[in-house]
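The structure appears below as structure tokens.
In this text, all values refer to a predicted model and were calculated from it rather than measured experimentally. Chain naming here is simple, since letters A, B, ... match the order of the sequence lines and numbering starts at 1 in each.
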2 protein chains.
Amino acid sequence: MFKKFKIPEATVGRLTAYSRYLKEADEKGISTVSSQQIAKATGVTPAQVRKDLAYFGEFGTRGVGYNPRELYNYIMKILGLDRRWPVIIIGAGRLGAALAMYGGFAERGFDIVGIFDVDPAKIGNKVGEIEIRPLQELKEKVKDLSIKLGIVAVPAASAQEVVDFMVDCGIKGIINFAPANISVPEGIVLRRVDLASQLEYLTFHLGESR
Amino acid sequence: MFKKFKIPEATVGRLTAYSRYLKEADEKGISTVSSQQIAKATGVTPAQVRKDLAYFGEFGTRGVGYNPRELYNYIMKILGLDRRWPVIIIGAGRLGAALAMYGGFAERGFDIVGIFDVDPAKIGNKVGEIEIRPLQELKEKVKDLSIKLGIVAVPAASAQEVVDFMVDCGIKGIINFAPANISVPEGIVLRRVDLASQLEYLTFHLGESR
DNA sequence: TAGATTGTTAATCGATTAACAATC
DNA sequence: TAGATTGTTAATCGATTAACAATC
């Protein structure tokens, strides 16, 4: 879309942080922010902010700064968030159910429209407004709603199998919460979130400073 | 502890992945693995595996490879996981409750020993075996059990306040699930996990390939 | 014009990879 | 010894930062 060169991996996460600050600033009625202000609020350098934005265009005014609302809208567009996205969750265990209810997704334009499981005991139960459905119904749902995004919250042992099925059903982007190393075909975007590993990062660094 | 030089940020996460594979290999009765096998299983290069390990010592045998159980134990020690860690959660909303029940933490040595909230309506309710307690009781609990680790699952607006209080209570390492940019004093390890941002990574990359 | 801040280039820094001597 | 694989150095690659011309 906007991409001219290879974008550093970390840029995407920082754009999210910038956008959250810009939204706040706009809501406060602030009409101009500088790269320095954005940097301070998000814990990076002003050069980093300007460099991240420069990959996608020119959004500021020299000598002045950026308009928060305008820049917010640009970043949301860059991130693909100038629309809402339907998302399905596979795995209606505790984590899957919690993610289905997590308000932070809807706030950023992600609507959980389905939750699927293979456990017959769970089928028909409700998670908030959504009824847990059998995994076999995934393909139809994906087709009907043109769903591109899915979240995997199943045990590690069945994660690869589930991901293969999701890809088969037409899902194009997957977040994997199972502590398993999964592979996907070319063209499918996969992201692993290892919750325990986050705590391990802490214990590693606490140990380091001994 | 082992550290001689600056360790790349990403090394810690990769060590987690290596350790999971090594555990599996050991459980299968495999007596030797090569850097190439570890690399293949975790999606990195063999050179990366050897380099990551080299920061901490020499764990293999030239011409032969690594013993999975031995290397697993070494890595667990490096990560600070040669012991169990008590962990508290602040925020007994849906996400906090789900994290409290998530089995993946205990598997890696993290025991959720308390969950705290400020909402009087929640105090006394149970999440699994654990009773939700008022936040004022945190300090005593931290002291009694020598707790170093905490997870923040409160709304963004109160996250900084809660983190300040945790630090005051003696918590040294914090995972923040609130979509807010938090700052902590020198010596406190903070890690932010932005769940919505994970989905944004997908939409960004799906948009990219247009 | 003087002061401020962007957009961008060049310099720096750090992480990954390739290559190979050491050695089983 | 021949074959294999580690540990480590040097080369490469990529990301961050500093610096500054452009310009409001």
Worksheet item: Quick one: A:Asp52 CG to D:dA15 P, roughly how many Å, whole number?
Response: 11 Å
Worksheet item: Hey, does A:Thr11 reach any base, or is it just sugar-phosphate, or nothing, if we go heavy atoms under 4.0 Å?
Response: nothing
Worksheet item: B:Ser35 side chain N/O closer than 4.0 Å to the phosphate oxygens (OP1, OP2) of D:dT6?
Response: yes
Worksheet item: Excluding sequence neighbours, so at least two apart, what forms side-chain hydrogen bond (donor to acceptor under 3.5 Å, both in side chains) with B:Arg94?
Response: none
Fill in: Distance, rounded to the nearest Å, where B:Gln48 contributes CD and C:dT16 contributes P
5 Å
Worksheet item: What is the minimum heavy-atom distance between A:Arg83 and A:Gly80, and which atoms define it?
Response: CG-O, 3.8 Å
Worksheet item: Of all residues at least two apart in sequence or in a different chain, which pass the side-chain hydrogen bond (donor to acceptor under 3.5 Å, both in side chains) check with B:Asp26?
Response: B:Arg69
Discussion item. Is the distance from the ring center of A:Phe59 to that of A:Tyr66 below 6.0 Å?
Written reply: no
Worksheet, complete the sentence: Expected string for nucleotides 19-24 of chain D under the B/S/- scheme (protein heavy atoms, under 4.0 Å, primed atoms plus P, OP1, OP2 as sugar-phosphate) is B--BBB
Discussion item. Quick check for you: among D:dT17, C:dG7, D:dT16, whose closest atom lies nearest to any side-chain atom of A:Thr45?
Written reply: D:dT17
Discussion item. In whole Å, I'd like the distance from the OH atom of B:Tyr74 to the C1' atom of D:dG7.
Written reply: 15 Å
Worksheet item: Looking only at side-chain N and O atoms, does B:Lys6 come under 4.0 Å of OP1 or OP2 in C:dC13?
Response: no
Under 3.5 Å, side-chain donor or acceptor atoms of residues 152-168 of chain B against the rest of the protein: list the pairs with distances, not counting sequence neighbours.
{"unit_1": "B:Ser158", "atom_1": "OG", "unit_2": "B:Pro155", "atom_2": "O", "d": "3.3"}
{"unit_1": "B:Gln160", "atom_1": "OE1", "unit_2": "B:Ser183", "atom_2": "N", "d": "3.0"}
{"unit_1": "B:Gln160", "atom_1": "NE2", "unit_2": "B:Asp164", "atom_2": "OD1", "d": "2.9"}
{"unit_1": "B:Gln160", "atom_1": "NE2", "unit_2": "B:Ser183", "atom_2": "O", "d": "3.0"}
{"unit_1": "B:Asp168", "atom_1": "OD2", "unit_2": "B:Lys139", "atom_2": "NZ", "d": "3.4"}

Worksheet item: For the rings on B:Phe105 and B:Tyr102, is their centre-to-centre separation under 6.0 Å?
Response: yes
Worksheet item: Could you state the CD1-P distance from A:Ile7 to D:dA15, rounded to the nearest angstrom?
Response: 9 Å
Worksheet item: Are A:Val64 and A:Thr32 close enough, and set up right, to give a side chain to side chain contact (heavy atoms under 4.5 Å, CB included), and what steps lead you there?
Response: CA-CA 7 Å; A:Val64 178; A:Thr32 310; 3.8 Å; yes
Response to the item:
With sequence neighbours left out, the residues meeting side-chain hydrogen bond (donor to acceptor under 3.5 Å, both in side chains) with B:Glu137 are B:Arg133
Fill in: B:Ser34 side-chain proximity, nearest of D:dT17, D:dT6, D:dA15
D:dT6
Response to the item:
Under the rule of Watson-Crick or G-U wobble with both distances under 3.5 Å, where | means paired to another strand and [ ] a crossing pair, DNA chain C maps to ..||||||||||||||||||||||
